[in-house]
Amino acid sequence: MTALRLHNTASGRVEEFTPLEPGHVRMYTCGPTVHDYSHIGNFRTILFEDLLHRLLETQGYKVTHVRNLTDVEDRIIRKSQEQGVDIDVYTAEYIEAFFEDLATLRVRPAGVYPRATGHITEMVALIQRLAAGGHTYEVEGSHYFRIATFPKYGALARLDPTKLKTGARVDVDEYGKDDPRDFALWKARKPGEHFWDTPLGAGRPGWHIECSAMSMRYLGETFDIHTGGVDLIFPHHEDEIAQSEAATGKPFVRYWLHAAHLTDATGEKMSKRLKNFATVRDLLAEGVAPRAIRYALLTGAHYRKPLHFSSEMLVGADSSVRRLNEFAVRLQAPADPADPPADIRQRWDDALADNLNIEEAVGELFTWIRTFNTRLETGGVPPAERASAMAMLRYADQILDVIDFPGALDDAEVIRLIEERRAARAAGDFARSDEIRELLRQRGIQLDDTKDGTRWKRIT
RNA sequence: GGCGAGUUAGCCAAGUGGUAAGGCAGAGGUCUGCAAAACCUCCACCGCGGGUUCGAGUCCCGCACUCGCCUCCA
């Protein structure tokens, strides 16, 4: 297996990946803030994480994957107050929708989906640990992290802390901070807000602390991979490093991976603020196939480059997926077990191992498919080779997951109709032949006549 | 202003020193009762200007433009 190389934001370089524990990868992905439906820009990052998760698995690693749900946060509080409901009631709808969308896009499930509201105890304990180390201070019931106590602050984002702009977007409830760059660990209770009674006082957690507390709980104080969108590098991940390493004295994360944004056709970042976004359910309502969305987001561009999203690319993705499925049908492969051809499998592995270059991997795959199709055209490809090609397709689909592999035809009526149509064609009765083809089409089966006989496939 | 990423065909994009992968769309052709699919052929002076080199999309310098981050946005 080709050695996996990944771009580490912490070093700014592509590095060979080795997990802390041989054979076992622990990864944490920053999940959604469930104040609204996640848009496809959010899912671009999630599909990148899905690619990473699946590739690690095909490389033989056991993967312990944690994806958190941020279910208490400023926007959630504001919107739930506007609706006059508790935050749990407010977020329930969006949490459910999030999991529906994950299933629609065939995202491999994480092992754990911890929720912030379910880990208040861990967060409080971590803040107390930081307090004991002299890294915090309290102002009017809110607790802040004093970044002056953490010299490495700014290293991940390559920001010089002394040059950070200050004052521009400081929240009104944080005027009491000693240094505007300090960040809130715990926010004092405000009238009407959901709060927890804790040894720190009544209030609610700041945003960053949840990821430190939950990742350490499920993955340990040092773990392998932490991912998210590039916008999380600062301040979110910078703050996570500060509060985690200040508390434990150990390295927090070994490899930081960040996905570039999805942009709209004009090249601008897709965001709710600009209202230039679409949700998965929006696209489904427009009749876009789930597989096309998955394929477009997964293979549209290298994860470190912005992906220019458009309806045209969805159309293209749908055609590409159809071509892959068509090839699976055309192979007419025997069910015998087989291994993928070594050369194409090697090219596929090499491309993905090179910092997840799925564009190149897919390019290799299509080149190979065309060559194979040409051989199928001339006929005489032995069953063993077709089985091997099918094995390659299945291997690639462990990552892509967009192919519906043809199963056996088990409907006696369908088999009888195909045979009747064959006889009708032989007799020149094309009216009956077309009638049967239409009949089967309505049952979701399409017939294709080839010089080797009639093929069938299910229409999706 | 600081830091970073980018600029490759109509569209999406790979390619990090040796005369430009792949997908989509388009044009022509082959096959075919029809349809579908497939196959073949065609379609790029790699943002601009210098430089290094036998040779540059690929390295260096400059310029233009785009985008991201700079306290709670994936």
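Side chains are part of it too, since the values below use all heavy atoms of this structure and drop only hydrogens, waters and symmetry mates. The shown structure was predicted, so the numbers you read here are calculated from the model rather than taken from an experiment.
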Short N-O contact, [X] and [Y], less than 4.0 angstrom:
X: A:Arg5; Y: A:Glu15; result: no
X: A:Glu438; Y: A:Arg441; result: yes
X: A:Asp318; Y: A:Arg322; result: yes

Does the A:Thr149 side chain pair with the main chain of A:Arg146, one donor and one acceptor, at a distance under 3.5 Å?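 Answer holds: yes.
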When you measure from the side chain of A:Lys457 to the backbone of A:Val329, do you find a donor-acceptor pair of N or O atoms at a distance under 3.5 Å?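 Absent.
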Between the base of [N] and the side chain of [X], is there a donor-acceptor distance below 3.5 Å?
X: A:Ser433; N: B:G33; answer: yes
X: A:Arg437; N: B:A35; answer: yes
X: A:Asn357; N: B:G15; answer: no

Does [X] reach a base, just sugar-phosphate, or nothing at all? Heavy atoms under 4.0 Å.
X: A:Gly41; value: base
X: A:Phe366; value: sugar-phosphate
X: A:Ile233; value: nothing
X: A:His302; value: sugar-phosphate
X: A:Arg78; value: nothing
X: A:Glu364; value: nothing
X: A:His236; value: nothing
X: A:Ile46; value: nothing
X: A:Leu365; value: nothing
X: A:Gly363; value: base

Report yes if at least one side-chain N or O of [X] is closer than 4.0 Å to OP1 or OP2 of [N]; otherwise report no.
X: A:Thr450; N: B:A36; answer: no
X: A:Lys305; N: B:A14; answer: yes
X: A:Arg75; N: B:C73; answer: yes

So if I take every side-chain heavy atom of [X] and compare against [options], which nucleotide ends up nearest?
X: A:Arg158; options: B:C24, B:C34, B:C3; result: B:C3
X: A:Leu232; options: B:G33, B:C12, B:A74; result: B:A74
X: A:His308; options: B:C73, B:A13, B:C34; result: B:A13
X: A:Glu73; options: B:A14, B:C73, B:C12; result: B:C73
X: A:Asp449; options: B:A35, B:C3, B:G68; result: B:A35
X: A:Phe234; options: B:C72, B:C69, B:A74; result: B:C69
X: A:Ser320; options: B:C72, B:C24, B:G33; result: B:C24

Could you tell me how the ring of [X] sits relative to the ring of [Y]: parallel (under 30°), tilted (30 to 60°) or perpendicular (over 60°)?
X: A:Phe145; Y: A:Phe183; value: parallel
X: A:Tyr28; Y: A:Phe223; value: tilted
X: A:Trp256; Y: A:Phe252; value: tilted
X: A:Phe98; Y: A:Phe43; value: parallel

Mind checking the [atom1] distance from [N] to [M]? Whole angstroms is fine.
N: B:C72; M: B:G22; atom1: P; answer: 45 Å
N: B:C24; M: B:A9; atom1: C1'; answer: 13 Å
N: B:C61; M: B:A5; atom1: P; answer: 13 Å
N: B:G23; M: B:A13; atom1: C1'; answer: 8 Å
N: B:U32; M: B:A14; atom1: C1'; answer: 36 Å

Centroid-centroid distance, A:His258 to A:His237, less than 6.0 Å: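 Ring centroids of A:His258 and A:His237 are less than 6.0 Å from each other.
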Using the ring centroid of each side chain, check whether A:His119 and A:Tyr218 are separated by less than 6.0 Å.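 Yes; A:Tyr218 has its ring centre under 6.0 Å from that of A:His119.
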Under 3.5 Å between N/O atoms: give me all the protein pairs with nucleotides 38-44 of chain B, atom names plus distance.
| unit_1 | atom_1 | unit_2 | atom_2 | d |
| --- | --- | --- | --- | --- |
| B:A38 | O3' | A:Asn373 | ND2 | 3.2 |
| B:A38 | O2' | A:Arg330 | NH1 | 2.6 |
| B:A38 | O2' | A:Arg330 | NH2 | 3.3 |
| B:A38 | O2' | A:Glu377 | OE1 | 3.0 |
| B:C39 | OP1 | A:Asn373 | ND2 | 3.2 |
| B:C39 | O3' | A:Thr374 | OG1 | 3.0 |
| B:C40 | OP1 | A:Thr374 | OG1 | 3.4 |

Rounded to the nearest angstrom, tell me the gap between atom [atom1] in [X] and atom [atom2] in [N].
X: A:Phe309; N: B:C24; atom1: CZ; atom2: C1'; result: 14 Å
X: A:Asp231; N: B:G4; atom1: CG; atom2: P; result: 19 Å
X: A:Leu298; N: B:C12; atom1: CG; atom2: C1'; result: 14 Å

Runs of at least three consecutive pairs that involve RNA chain B, where pairs are Watson-Crick or G-U with distances under 3.5 Å: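 Stems (3+ consecutive pairs) listed as B:1-7 with B:64-70, B:10-12 with B:22-24, B:26-30 with B:38-42, B:47-51 with B:59-63.
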